[in-house]
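Working notes for the structure below.
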2 protein chains.
Amino acid sequence: MNNVTIYDVAREAGVSMATVSRVVNGNPNVKPTTRKRVMEAIERLGYRPNAVARGLASKRTTTVGVIIPDISSIFFSELARGIEDIATMYKYNIILSNSDQNKEKEIHLINTMLEKQVDGIVFMGGEITNEHEETFKQSPVPIVLSATLDEKRELPSVNIDYKQASYDAVSAILRQGHKRVAMLTGTLEDPINGYQKFSGYKEALHDAGIDLDDSLVVIGDYTHDAGVDAMEQLLKLDDQPTAVFASTDEMALGLIHGAQDHGKSVPGDFDIVGFDNTRLATMVRPTLSTVVQPMYDIGAVSMRLLTKLMNKEEVTENAVVLPHRIEYRQSTSFSEDE
Amino acid sequence: MNNVTIYDVAREAGVSMATVSRVVNGNPNVKPTTRKRVMEAIERLGYRPNAVARGLASKRTTTVGVIIPDISSIFFSELARGIEDIATMYKYNIILSNSDQNKEKEIHLINTMLEKQVDGIVFMGGEITNEHEETFKQSPVPIVLSATLDEKRELPSVNIDYKQASYDAVSAILRQGHKRVAMLTGTLEDPINGYQKFSGYKEALHDAGIDLDDSLVVIGDYTHDAGVDAMEQLLKLDDQPTAVFASTDEMALGLIHGAQDHGKSVPGDFDIVGFDNTRLATMVRPTLSTVVQPMYDIGAVSMRLLTKLMNKEEVTENAVVLPHRIEYRQSTSFSEDE
DNA sequence: TTGAAAGCGCTAACAC
DNA sequence: GTGTTAGCGCTTTCAA
């Protein structure tokens, strides 16, 4: 068992625990010969510092909490990897928990993590309610929102401009002469995949002088099957669309496959554009044209921002907005919009 | 800030800290009226127990470490979800770290987690070297291997029988009359995706009286592109295969797309079978026939096993082997092998 | 450059 | 049913 304490090392090396502590923590104020003696004692005894005791004494745990809707999602797991890599770089460990975007779970998880004395939290979620804000406000440690919108833009956060990205994608489609562009979106209750992206779609239509046609708007639950179903629904229309914009890549794949299942071809019969540029985008035929959201970077920047906040460094911009772009692949008959 | 301690609550409620501790920990030996008084004081003061102090005093952190090759992998993230769900069920939190299957990182991570006083570890990795075993042996807390092989079968672990699964898949293909069955495998250094699965392939061929043809064996790095490249390589052969078995789904998708890119059809020209049954298998056309590996369950069972070990419960079987089966979809021209 | 000593906030005997 | 009292293993002044 692991019962060697700093005290045992001190005795073994003939010094005080304070000195051992200094050596372990790389404090320069230790005579080299002493340091050597201590190191040897540590080695001999197989001493392993107890981070819990250290945390209690120092009030820092070098651990941050990460609340994520679903780690098995191809989208969020990429974000998580970005978070973890930067955390590792700054010597932090991560406590990871799934929330399923359930408000009660989210609040509960924040409290659990605060009990565990995390030094900060990265929060990925859906809607930020007043209750969320209340909880965030009570937190003694910084919290940054990652790929998650805070209406008021006062909380630290890292995102892209979803509405603008959506607007750009739909505008690019329209510029190719498409008159009937459908959208497969999330529900309007979903701030990003629903509200923001749909707003961009509407605005792009409006600016192109095209009326919104409700029959071209389908709501999906972000699964591949939702895409397949949506395409089936669109194919039943008398006046079918000639292009479809989906708010996630996975649904876009579903659209492509739904079309293919009915003998239609992409991009022959439909131009399809997705959103996110997950790895799925190149794992389909035709490969998917999509809006690039830099998931890994969003995670990485979120964690970097959190380290600054934890160190009480000066932060110029609290609400970081990363750039987006459109990657043209085979699912669209056009490939640039200059 | 959060400076309310158990002592403050005790004073506020007019009881001792021991009583507050009892209330907080749900100890039944507290008079209901007292409990109520304490609860109210807790509420009034906004007291939040400090899990670090509790961990130091009780020597239990209700936290377990999870070492994973890459959380952004569609395969491992599903496993992680299984682990996390069961951990939550048993009131544990998870410290999650990526190892990239790098031995030094793996060993380092184990030590870091032990410093943080985790109550147990779930380890996902590649090869278990002697150094790994040495480290595992030194651990004061239980470690279970998840989707990871320990040659000697002495460490707690949860897997399926990869070799048998591979054997079953290839045998099923051969039973359809295929004479030239190729395999896209990992390197032989990879215990599971390389060695085990390839062994099953060889044995199936052997039992069917077919000689191993080296030109039909391609090694890939588990990416979609590796599948595309492998198919290109196979298409150059004078004597082409009529079926290909891939050791992961993602590579199998690559095979399908590689064939399609060259105007070949699946399953017309090639029967393709994958391995894992990740969500990708149904996100492709034709949908992928594949060996079902219950990733979520492997994660869940691993964590369940760990809880038993942490509780020092009796464990009958240390090396758990979960069942596998083959799911037939559109990428094979046959659909059962009864 | 080093040591002594006082906590950090809680749990867990043990006593009453 | 409740209180007292040692620690848990470490960091961190403060002195020397």
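Chain letters run A, B, ... following the sequence lines, proteins first, then strands; residues in each count from 1.
Distance, B:Leu114 CG to D:dG9 P: 15 Å, rounded to whole Å. Separating the CZ atom of A:Arg54 from the P atom of D:dC8 is a distance of 18 Å, rounded to the nearest angstrom. Counting to the nearest Å, the C1' atom of C:dC8 and the CG atom of B:Asn3 are 13 Å from each other. For the pair B:Arg60 CZ and C:dT11 P, the interatomic distance rounds to 12 Å; values are reported in whole Å. Rounded to whole Å, atom P of C:dC8 lies 18 Å from atom CG of A:Asn50. Summarising the geometry, the separation between CD on A:Glu115 and C1' on C:dC10 is reported as 13 Å, rounded to the nearest angstrom.
We find that B:Glu133 and B:Lys152 are joined by a salt bridge, their nearest charged nitrogen and carboxylate oxygen being less than 4.0 Å apart. A salt bridge links A:Lys36 with A:Glu40: the distance from a Lys NZ or Arg NE/NH1/NH2 to an Asp or Glu carboxylate oxygen falls below 4.0 Å. Between B:Asp100 and A:Arg81, at least one side-chain nitrogen of the basic residue sits less than 4.0 Å from a carboxylate oxygen of the acidic one, meeting the salt-bridge criterion. Residues A:Glu314 and A:Lys308 are not paired through a salt bridge, judged by the lack of any N-O separation under 4.0 Å between the basic side chain and the carboxylate.
Contacts between residues 16-38 of chain A and DNA chain D, defined by a heavy-atom separation under 4.0 Å, are made by A:Met17, A:Ala18, A:Ser21, A:Asn25. Residues of residues 5-12 of chain B that place a heavy atom closer than 4.0 Å to DNA chain C, in numerical order, are B:Thr5, B:Ile6.
Between B:Ile67 and B:Val122, every side-chain heavy-atom pair lies at or beyond the 4.5 Å cut-off. Residues A:Thr61 and A:Tyr92 are not in side-chain contact: their nearest non-hydrogen atoms beyond the backbone lie 4.5 Å or more apart.
For A:Phe136 and A:Phe123, the ring centers are positioned less than 6.0 Å apart. The aromatic ring centres of A:Phe75 and A:Tyr222 sit 6.0 Å or more apart.
Using a 4.0 Å cut-off, some side-chain N or O of B:Lys59 falls inside it from OP1 or OP2 of D:dG9.
Backbone-only contact: B:Val15 has heavy atoms under 4.0 Å from sugar-phosphate atoms and none from a base.
Checking side-chain atoms of A:Glu84 against main-chain N and O of B:Asn98 turns up a donor-acceptor pair under 3.5 Å.
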